[in-house]
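The structure appears right after this line, and notes come after that.
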Number of protein chains: 2
Amino acid sequence: MADQDHASPAGGETLLFLTDEQLRQGIEAMFFAYRGFTADPDMILADYDYGRAHHRALHFINGAPGTNVNNLLAILGVTKQSLNRVLRTLIGDGLVESRVGRSDKRERHLYLTEKGAALERALSDAQRARMRKAYRDAGPEAVAGFKRVLEAMMDPEMRRRYHALREGRG
Amino acid sequence: MADQDHASPAGGETLLFLTDEQLRQGIEAMFFAYRGFTADPDMILADYDYGRAHHRALHFINGAPGTNVNNLLAILGVTKQSLNRVLRTLIGDGLVESRVGRSDKRERHLYLTEKGAALERALSDAQRARMRKAYRDAGPEAVAGFKRVLEAMMDPEMRRRYHALREGRG
DNA sequence: GTTGGAATGTCAACAAGACTGACTTAATGT
DNA sequence: ACATTAAGTCAGTCTTGTTGACATTCCAAC
């Protein structure tokens with residue numbers, strides 16, 4: 001069934017990579033690569049009593065200091081109960097600081113403490129090291145393609161947020 | 001801070017994509033894209049009493065019919081106890097058949113039943129549809145780069161298994 | 001041939017992290 | 001005043017990972 005593409009009369013080149021087998025390879029590549037992607041931070045986290053959820057919270061608070069809980073919720077795509085459990089331990093352990101909003105006192109603005117920034121840095125360094133190696137091995141053009149495909153794979157809402165984060169830092 | 005690369009005297013082009021901000025974007029792209037990657041099958045699975053783990057088992061049994069539990073274990077990267085729970089429900093529900101090995105009676109060889117193949121197809125179709133759209137939107141060259149970077153991101157052991165699967169089907 | 005170790009798979013109990021649902025508190029805004 | 005919003009909490013459930021203990025089968029050394 002993977003040979004059916006030879007039957008397509010014209011444009012075979014542009015359709016070649018859309019066979020089920022090609023798509024399947026992409027799916028499996030995503031699966032295996034994501035494992036590598038999370039492996040290094042996971043090893044560090046195992047030493048603390050934290051998990052991947054804590055890493056994600058630290059990452060996005062670091063990237064958008066002062067963000068409120070609702071925004072973080074939307075980015076992470078979890079329920080507030082789930083995020084709250086994580087946030088409570090991070091605040092309790094002195095990695096995250098929660099300040100009452102000055103304009104709207106209902107909101108809580110989140111910041112990393114020195115201690116929280118240190119852990120975030122350790123986790124990020126490990127993850128970035130793998131990313132850097134992958135980028136180097138694959139080359140600049142591959143990286144551009146990599147990002148284009150990943151972006152096309154996102155839900156529109158997540159793509160919007162992805163760009164918003166970039167612009168917020170740009 | 002994203003402008004710092006202009007300071008690098010030579011080879012700016014080859015280093016441009018290795019700034020911390022570029023790596024951070026890649027990390028966030030992986031995070032958001034993986035969410036999209038799993039979203040469609042997850043919605044289907046919610047209708048059944050199955051989860052992502054069941055999907056993964058069905059996927060790889062479908063790709064390597066007759067595989068034994070140990071091999072599946074190594075591919076999925078979980079403990080045998082964890083896989084066993086998933087396998088038990090799939091076998092109990094008649095989606096997977098487990099045959100005792102003829103040469104080595106300790107081994108169990110796994111096959112999808114008609115029913116199991118049908119669910120696998122439904123899940124795969126949903127996931128492939130998103131993948132196909134992403135590939136189409138990004139273009140063939142981007143897809144090649146996408147795969148190169150993902151492969152470079154894998155642990156060597158997983159890269160080996162990834163290739164083994166491709167050759168087994170090739 | 002028996003036996004002891006290694007490999008394969010199963011059962012049971014537990015923990016992390018997600019979920020829903022119901023509720024409280026405080027601040028905002030109409 | 002009253003409804004809405006932001007945040008947090010409590011309780012209960014589900015999936016999916018973990019360890020530990022155990023049964024079965026195979027194989028190789030004795």
Side-chain angles (χ1 to χ4, degrees), chain A residues 31 34-35 38-39 41-59 61 66-93 96-111, chain B residues 31 34-35 38-39 41-61 66-93 96-111 123:
Chain A
F31 173 70
Y34 200 79
R35 285 253 295 279
T38 56
D42 281 357
M43 277 183 55
I44 296 173
L45 289 160
D47 293 340
Y48 301 74
D49 276 354
Y50 299 134
R52 220 173 274 178
H54 300 83
H55 179 197
R56 289 196 286 261
L58 291 175
H59 175 100
I61 294 172
T67 185
N68 62 22
V69 175
N70 251 349
N71 182 44
L72 198 52
L73 236 37
I75 288 172
L76 295 174
V78 297
T79 59
K80 64 175 174 178
Q81 294 92 329
S82 192
L83 175 58
N84 192 253
R85 179 168 7 92
V86 166
L87 236 34
R88 195 163 27 187
T89 68
L90 290 175
I91 292 169
D93 294 351
V96 168
E97 193 187 348
S98 167
R99 300 186 202 152
V100 174
R102 23 196 202 305
S103 56
D104 187 335
K105 288 176 194 161
R106 291 173 303 180
E107 294 181 348
R108 299 299 139 86
H109 298 275
L110 304 169
Y111 301 87
Chain B
F31 173 69
Y34 200 79
R35 286 253 294 278
T38 56
D42 280 357
M43 277 183 56
I44 296 174
L45 288 160
D47 293 341
Y48 300 74
D49 277 354
Y50 301 133
R52 219 173 273 179
H54 300 84
H55 178 196
R56 290 196 285 260
L58 290 174
H59 175 99
F60 286 108
I61 293 172
T67 185
N68 62 22
V69 175
N70 244 355
N71 182 46
L72 200 51
L73 235 39
I75 288 172
L76 294 174
V78 297
T79 59
K80 60 179 176 174
Q81 295 91 330
S82 189
L83 174 58
N84 189 254
R85 181 168 1 90
V86 166
L87 238 33
R88 191 165 28 185
T89 68
L90 290 175
I91 292 168
D93 294 351
V96 167
E97 194 188 349
S98 167
R99 301 186 202 153
V100 174
R102 29 215 184 299
S103 57
D104 189 334
K105 288 177 193 159
R106 290 174 302 182
E107 294 182 347
R108 301 297 138 87
H109 298 275
L110 304 169
Y111 302 87
L123 295 168

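Keep in mind that the numbers below use all heavy atoms, side chains included, and drop hydrogens, waters and symmetry copies. Note on naming: letters A, B, ... go to the chains in the order of the sequence lines (proteins, then strands), and numbering restarts at 1 for each one.
- For L90(B) and dG9(C), the CG to P distance is 16 Å, given to the nearest whole Å.
- Distance CG (N71(B)) to C1' (dA7(C)): 15 Å, rounded to an integer number of Å.
- In terms of position on DNA chain D, the residue among D104(A) and Q81(A) whose nearest nucleotide sits closer to the 5' end is D104(A).
- Contact annotation for H54(A): backbone-only contact, meaning every heavy-atom pair under 4.0 Å involves sugar-phosphate atoms and none involves a base.
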**Prompt:** Passes salt bridge (charged side-chain N to carboxylate O under 4.0 Å, His left out), K105(B) versus E107(B)? Steps please.
**Reply:** CA-CA 5 Å; K105(B) 288 177 193 159; E107(B) 294 182 347; over 6 Å; no

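- Spacing between atom CG of N84(B) and atom C1' of dT8(C) amounts to 11 Å, rounded to whole angstrom units.
- The span of DNA chain D lying next to chain B, judged by atoms under 4.0 Å from heavy atoms, is bounded 5' to 3' by dT15(D) to dC26(D).
- Residues H54(A) and T89(A) have side chains that bring a donor and an acceptor to within less than 3.5 angstrom of each other.
- Position along DNA chain D of the nearest nucleotide to V86(B) versus K80(B) favours V86(B) as the more 5'-ward residue.
- Donor-acceptor pairing under 3.5 Å is recorded for the side chains of D93(B) and Y50(B).
- Judged by the 6.0 Å and 45° rule, R56(A) forms no cation-pi pair with F31(B).
- A distance-only check finds no donor-acceptor pair linking the side chain of R108(B) to the backbone of E97(B) [under 3.5 Å].
- Heavy-atom nearest nucleotides on DNA chain C were determined for L73(B) and for S103(A), and the one closer to the 5' end corresponds to L73(B).
- Residue-level contact check: S98(B) touches neither bases nor backbone, having no heavy atom under 4.0 Å from any strand.
- Within 4.0 Å of R88(B), counting heavy atoms only, lie sugar-phosphate atoms of the nucleic acid but no base atom.
- For the pair D42(A) CG and dG17(C) C1', the computed distance is 13 Å after rounding to whole Å.
- At a cut-off of 3.5 angstrom, counting only N and O atoms as typed in the model, there is a donor on one side and an acceptor on the other between the side-chain of R85(A) and the base of dA18(C).
- The CZ atom of R106(B) sits 7 Å away from the C1' atom of dA6(C) (whole-angstrom rounding).
- Between K105(A) atom NZ and dG29(C) atom P there is a gap of 12 Å when expressed in whole angstrom units.
- In this structure, the side chains of L58(B) and V96(B) come closer than 4.5 Å at one or more pairs of heavy atoms.
- The side chain of T79(A) places no N or O atom within less than 4.0 Å of a non-bridging phosphate oxygen (OP1 or OP2) of dA18(C).
- In this structure, R56(A) places its CZ atom 9 Å from P of dG17(C), rounding to the nearest Å.
- At the heavy-atom level, G77(A) lies under 4.0 Å from the strands shown only through sugar-phosphate atoms.
- Looking at heavy atoms from C-beta onward, H59(B) lies out of side-chain contact with L123(B) at the 4.5 angstrom threshold.
- Residue-level contact check: R52(B) touches the backbone only, with heavy atoms under 4.0 Å from sugar-phosphate atoms and none from bases.
- Atom-to-atom, CG of N70(B) to P of dA6(C) comes out at 16 Å; the value is rounded to the nearest Å.
- Formation of a donor-acceptor pair under 3.5 Å by the S82(A) side chain with backbone atoms of T79(A) is not found in this model.
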